[in-house]
Protein chains: 2
Amino acid sequence: MKEKQLDLVFQALASEARRYVMDVVRDSPGCTVADVSLHFEMSRIGVLKHINCLENAGLIVSLKNGRERQLYVNLAPLQVIHERWSDQYRSFWASRLTGLKRAVEQAEEK
Amino acid sequence: MKEKQLDLVFQALASEARRYVMDVVRDSPGCTVADVSLHFEMSRIGVLKHINCLENAGLIVSLKNGRERQLYVNLAPLQVIHERWSDQYRSFWASRLTGLKRAVEQAEEK
DNA sequence: ACTAGAAGTAACCAAATGGTTACTTATACG
DNA sequence: CGTATAAGTAACCATTTGGTTACTTCTAGT
């Protein structure tokens with residue numbers, strides 16, 4: 001995955017409203033923009049922008065069906081990120097704070 | 001983890017520069033702000049702000065050591081996010097696009 | 001005590017984000 | 001055909017973000 005794409009995914013998830021959209025769409029796949037906006041206080045256009053942001057990041061996929069747009073979550077980007085990190089940080093997971101712990105111990109010795 | 005905290009973590013990671021800071025600090029634990037800023041074109045203050053942003057999100061931890069500040073990565077927030085999402089989406093991982101696939105098939109029937 | 005170097009703060013600026021209202025387009029349906 | 005409804009576009013505004021330069025503070029070392 002390209003860095004720009006990573007930016008989009010993380011940026012998309014960095015909003016409680018958008019994470020909530022993900023929850024809603026995951027729980028009622030095929031729902032419409034209007035359906036989703038029922039769950040929010042904000043204007044329909046506000047919600048639309050959040051949905052578009054998620055779609056732009058690849059986290060939501062949609063199908064035009066007549067005058068409606070049906071929404072689905074797409075977890076592929078999350079899986080890619082997850083794999084990338086598990087790779088990059090594999091040796092760190094076991095002892096996440098090892099470096100810090102050592103430093104703290106050194107600091108305490110003084 | 002609180003929603004605000006999630007915002008901070010995702011927001012922090014939604015920047016190539018900050019992800020790169022994470023890489024640098026992970027690869028040389030205990031390095032200083034000045035050390036990190038050597039890896040960048042931008043001004044030291046620019047880098048400092050990125051580091052503070054990461055620290056604020058809990059992804060970087062630092063220890064004051066004399067006039068220096070030593071930096072360490074902290075993967076705990078990542079682990080929390082990872083666990084939360086694998087829980088929430090557990091039943092979806094296996095067939096990530098199931099909902100969408102069904103919809104596409106239905107669409108194709110028409 | 002003095003100086004130099006690491007870090008932090010303040011003020012500023014341009015661009016991006018998150019929301020609004022008003023208007024337009026396209027489609028379903030009586 | 002005509003109308004109501006789902007979606008999308010445009011323009012606008014306030015706030016946040018991402019960077020800068022200039023200045024300040026603290027500490028190490030001579």
A:His39 and A:Tyr20 aromatic ring geometry - parallel, tilted or perpendicular at 30°/60° bounds: perpendicular
Rounded interatomic separation in angstrom, taking CD1 from A:Ile45 and C1' from D:dC13: 16 Å
Validation row: A:Arg18, A:Gln11 side chains within 4.5 angstrom (heavy atoms): yes
Global bending angle along the helix from C:dA1-D:dT30 to C:dG30-D:dC1, which compares the axes of five pairs at either end, to 10 degrees: 20°
4.5 Å side-chain heavy-atom contact, A:His50 and A:Phe40: no
Nearest listed nucleotide, side chain of A:Arg67, among C:dG19, C:dT27, D:dA7: C:dT27
Sugar-phosphate, base or nothing in reach of A:Gly66, heavy atoms under 4.0 Å: sugar-phosphate
Nearest-Å distance for atom pair NE2/C1', residues B:His50 and D:dG18: 6 Å
Donor-acceptor pair (no angle test) under 3.5 Å: B:Arg69 side chain, C:dA6 base: no
Stepwise salt bridge (Lys or Arg N to Asp or Glu O under 4.0 Å) check, A:Lys4 with A:Asp7: CA-CA 5 Å; A:Lys4 296 286 181 187; A:Asp7 283 7; 5.4 Å; no
Atom pair distance, as rounded to whole Å: NZ in B:Lys49 and P in D:dT21: 12 Å
Spacing of B:Ile51 atom CD1 relative to C:dG8 atom P, expressed in whole Å: 9 Å
Selected nucleotide, minimal atom distance to A:Ala34 side chain, candidates C:dG18, D:dA7, C:dT21: D:dA7
Closest listed nucleotide, where the reference is the side chain of A:Leu48 and the choices are D:dG8, D:dA6, D:dA28: D:dG8
A:Val73 and A:Pro29, any side-chain heavy atoms less than 4.5 Å apart: no
Distance-only donor-acceptor test (3.5 Å): side chain A:Arg44, base D:dA6: no
A:Leu75 reachable from B:Leu6 in the ILVMFWY side-chain graph, under 4.5 Å edges: yes
A:Val47 side chain reached by A:Met42 side chain, heavy atoms, under 4.5 Å: yes
Listed nucleotide nearest any side-chain atom of A:Ser43, set D:dG19, D:dA6, C:dT20: C:dT20
Donor + acceptor pair across side chains of A:Arg69, A:Ser62 (<3.5 Å): yes
Exercise: identify the closest heavy-atom pair between B:Ala57 and B:Ala12: CB-CB, 3.9 Å
Nucleic acid contacts of residues 4-18 of chain B, taken as heavy-atom distances under 4.0 Å to DNA chain C: none
